Enquirer: 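I'd like to ask some things about the structure below.
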Amino acid sequence: MSSVLDAEAPASRPLTRSDYKTLSLSALGGALEFYDFIIFVFFAAVVGKLFFPAEMPEWLRQFQTFGIFAAGYLARPLGGIVMAHFGDLLGRKRMFTLSIFLMAIPTLVMGLLPTYEQIGIWAPLLLLLMRVVQGAAIGGEVPGAWVFVSEHVPARHVGYACGTLTSGLTAGILLGSLMATLINSIYTPAEVLDWAWRLPFLVGGVFGLFAMYLRRWLHETPVFAEMQQRKALAAEVPLKTVLREHRGAVVLSMLLTWVLSAGIVVVILMTPTLLQTVYGFEAATALKANSLAIVLLSIGCVLSGAIADRIGAGRTFLVGGALLAISSWTFYTSLQAHPDWLFPLYAITGLFVGTIGAVPYVMVKAFPAVVRFSGLSFSYNLAYAIFGGLTPMVVSLLMKWDRLGPAYYVAALCGVAMLIGLFLIAKKR
C-alpha cells in the first residue's frame with residue numbers, strides 16, 4: 001500500500017478552525033445528498049402505485065419500482081469513474097460541487113413529475129432517467145468527499161476526517177427515515193398518495209441546491225493544488241494507471257466496500273422490514289429502533305475513524321469486526337424470545353456497524369495522490385454496484401433456508417473484516 005498521504009501533509013500540526021469548517025461543510029453536504037439518493041426507497045410503495053398502470057399485479061409493480069431504485073446503484077460506477085477522471089485532472093472541488101448539483105436537480109424534478117395516469121409510459125421512463133442521474137451523482141460524491149477531506153487535514157487525522165464524513169452520509173439515511181415518518185404521521189394515506197409524497201423530493205431538491213451553495217466556501221485541496229503547481233498530474237488516463245499498477249489496492253478496497261455494504265444494506269436498510277415480517281414488530285416501532293441504530297452508527301463512524309488514527313486500521317477492523325459479529329448475532333437470535341431487548345440490542349449493533357468509518361481511511365492511503373480519486377472511485381463504486389445490489393437477494397435466499405439468514409451473512413462479512421485486519425497488521429510489521 002502506498003503511504004504517499006503521510007508524506008503530503010505535515011502530520012504533526014493539530015486540526016485548525018479551517019479544517020473543522022471543511023469537515024462540517026463536507027459532512028453536511030454529504031448528508032443532504034445522501035438523503036436525496038435514499039428518500040426514494042421510503043416512498044417506493046406510493047411511487048409504484050402512481051407510476052405504473054393500476055391493473056398491473058402488485059408483485060410486478062413492486063419489482064419494477066425497486067428495479068428503478070436499483071438503477072441508481074448500477075449507474076454509480078459509470079458516474080464515479082467519469083467524475084473521478086476529471087477530479088484527478090481538473091480538481092477535486094469542481095467535481096465535489098458538480099456531484100451535488102447532479103443530485104439536487106433530478107430530486108427536484110422527481111417531486112414535479114406527472115404520474116402514469118397523466119402521461120402514460122413516459123412517467124416511469126422519466127423517473128428511471130432521474131434515478132440514473134442520481135446514481136451517477138452519488139458515484140462521484142462519496143469517493144470524492146473522502147478524497148477531499150483526507151487531502152485537507154494533517155496525515156494523523158485522516159481517519160477522523162473520513163469517519164466524520166462517513167457519519168454525515170449515514171445521517172442522510174436518518175434524515176430520510178425521519179422525513180418518511182413525519183409525512184406519514186401528518187398526512188392521511190389518501191393525502192400522501194394524492195400529493196404529499198412529492199414534499200420529501202421537493203424539500204430534498206432545495207436541500208441539495210443549498211448544499212451546493214455552501215460548497216462555494218470550500219477551497220481546492222492543498223494536495224491537488226501542489227500537484228497542479230508542480231505539473232505532476234496524471235500523464236495518461238488515471239484509471240489506466242490504477243488498473244496497471246495498483247491492482248492490489250483495488251482488490252483490498254473492493255473487499256472493504258463489501259464489508260461496508262453488508263453493514264449498511266443488511267443491518268440498516270433491510271432490518272426494519274425484517275423486524276416487521278419475521279419478528280412481528282409494528283412499523284412505527286421498527287422505524288424508531290432503526291433511527292436510534294443510525295444515530296449510534298453515525299457516532300461509531302467518527303469513533304472508529306479516530307481510533308484508526310491512534311492504533312491503525314488493522315486493529316480497528318480486528319476488534320470492530322469481532323464486536324459487530326457478537327452484537328449482530330445476539331440481536332438477530334434473541335429478539336424472538338426477548339422482544340423488549342429491541343432498542344438496546346439494535347443500538348449496540350448500530351454502534352459496531354460504525355467500524356465501517358475506518359474503511360475510507362485505508363482506501364485513501366492505498367492509492368497515490370495522482371490517481372487517488374480514480375482508484376478509490378473505481379474500486380468502491382464497482383464493488384458497491386455488485387455487492388450492494390446482490391446482498392438483498394443473497395440474504396433473501398439464505399432466509400428461505402433459515403430465518404437467521406441476515407445473522408449468517410453479517411457474521412461472514414465480519415470474518416472478512418477481521419481477516420483484512422490481520423492482513424493490514426502483518427503488512428505494517
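Remember, predicted model here, so these are calculated numbers, not experimental data.
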Enquirer: Do His85 and Ile81 touch side chain to side chain, with heavy atoms closer than 4.5 Å?
Expert: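 Side chain of His85 against side chain of Ile81, heavy atoms only: no contact under 4.5 Å found.
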
Enquirer: Please determine if Arg94 forms a cation-pi arrangement with Phe86, meaning its NZ or CZ atom is less than 6.0 Å from the six-membered ring centre and no more than 45° off the ring axis.
Expert: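 No; the conditions do not both hold, so Arg94 does not lie above the ring face of Phe86.
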
Enquirer: Would you indicate whether Leu126, at its atom CG, is surrounded by more than 12 heavy atoms from other residues, nucleotides or ligands within a distance under 6.0 Å?
Expert: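 Buried by this count: over 12 neighbours within 6.0 Å.
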
Enquirer: Can you confirm whether or not the ring centre of Trp146 sits under 6.0 Å from the ring centre of Phe373?
Expert: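 For Trp146 and Phe373, the ring centres are not under 6.0 Å apart.
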
Enquirer: Look only at the side chain of Arg247 and the backbone of Leu243, and say whether a donor-acceptor pair between them is shorter than 3.5 Å.
Expert: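 Yes, because the side chain of Arg247 sits within donor-acceptor range (under 3.5 Å) of the backbone of Leu243.
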
Enquirer: Apply side-chain contact (heavy atoms from CB on, under 4.5 Å) to Phe148 and Lys93, showing your working.
Expert: CA-CA 7 Å; Phe148 191 84; Lys93 187 192 168 185; 4.1 Å; yes

Enquirer: Which donor-acceptor pairs under 3.5 Å do the side chains of residues 342-352 make with protein atoms, sequence neighbours left out?
Expert:
from	atom 1	to	atom 2	distance (Å)
Tyr346	OH	Val267	O	2.6
Tyr346	OH	Asn290	ND2	3.0
Thr349	OG1	Ser327	O	3.4
Thr349	OG1	Leu345	O	2.8

Enquirer: Can you find a pair of side-chain heavy atoms, one from Gln64 and one from Pro124, that are under 4.5 Å apart?
Expert: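 No - every pair of side-chain heavy atoms lies 4.5 Å or more apart.
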
Enquirer: Mind checking whether Val149 and Thr164 have side chains closer than 4.5 Å, heavy atoms only?
Expert: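 A side-chain contact under 4.5 Å is absent here.
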
Enquirer: Say whether Tyr409 and Thr391, considering side chains only, have a donor N or O and an acceptor N or O under 3.5 Å apart.
Expert: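 Indeed, the side chains of Tyr409 and Thr391 share at least one donor-acceptor pair under 3.5 Å.
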
Enquirer: Against the six-membered ring of Phe37, is Arg76 placed for a cation-pi contact (under 6.0 Å from the centre, within 45° of the normal)?
Expert: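 Yes, Arg76 sits over the ring of Phe37.
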
Enquirer: Determine whether Ile38 and Leu269 make a side-chain contact, defined as any pair of heavy atoms from C-beta on separated by less than 4.5 Å.
Expert: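 With C-beta onward as the side chain, the pair touches.
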
Enquirer: Judged by modelled atom types alone, do Asp19 and Thr22 share a side-chain donor-acceptor pair under 3.5 Å?
Expert: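 There is no such pair between these side chains.
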
Enquirer: Can you confirm whether Leu175 sits close enough to Phe34 that some side-chain heavy atom of one is under 4.5 Å from a side-chain heavy atom of the other?
Expert: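 No. Closest side-chain heavy atoms not under 4.5 Å.
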
Enquirer: Has Ser374 got a side-chain atom pairing as donor or acceptor with Val371's backbone, closer than 3.5 angstrom?
Expert: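 Flag not set: sc Ser374 to bb Val371 has no pair under 3.5 Å.
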
Enquirer: Is there a side-chain contact (heavy atoms from CB on, under 4.5 Å) between Leu23 and Tyr160 once you walk through the steps?
Expert: CA-CA 10 Å; Leu23 274 177; Tyr160 173 74; 3.9 Å; yes

Enquirer: What donor-acceptor contacts under 3.5 angstrom involve side-chain atoms of residues 193-207, with partners at least two apart or in another chain?
Expert:
from	atom 1	to	atom 2	distance (Å)
Arg198	NH1	Gly111	O	3.0
Arg198	NH1	Leu113	O	2.8
Arg198	NH2	Leu113	O	3.0

Enquirer: Answer whether the closest heavy-atom distance between the side chains of Ser99 and Glu33 falls below 4.5 Å.
Expert: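 With C-beta onward as the side chain, the pair touches.
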
Enquirer: Using the ring of each side chain (for Trp, its six-membered ring), is Phe387 parallel, tilted or perpendicular to Trp258, with breaks at 30° and 60°?
Expert: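 Phe387 and Trp258: parallel rings.
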
Enquirer: Please identify which of these residues, Ser150, Pro143, Pro360, meets the side chain to side chain contact (heavy atoms under 4.5 Å, CB included) condition with Leu376.
Expert: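 Single pass found, and it is Pro143.
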
Enquirer: Indicate yes or no for a side-chain donor-acceptor contact from Thr316 to the backbone of Gly312 under 3.5 Å, with no hydrogens or angles considered.
Expert: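 Such a contact is found between Thr316 side chain and Gly312 backbone.
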
Enquirer: Quick one, Pro406 and Thr271 - any side-chain contact, counting heavy atoms below 4.5 Å?
Expert: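 They are not in side-chain contact.
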
Enquirer: Verify the distance criterion only: is there a donor paired with an acceptor across the side chains of Thr170 and Ser298 at less than 3.5 Å?
Expert: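 Ser298 and Thr170 do have a side-chain donor-acceptor pair below 3.5 Å.
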
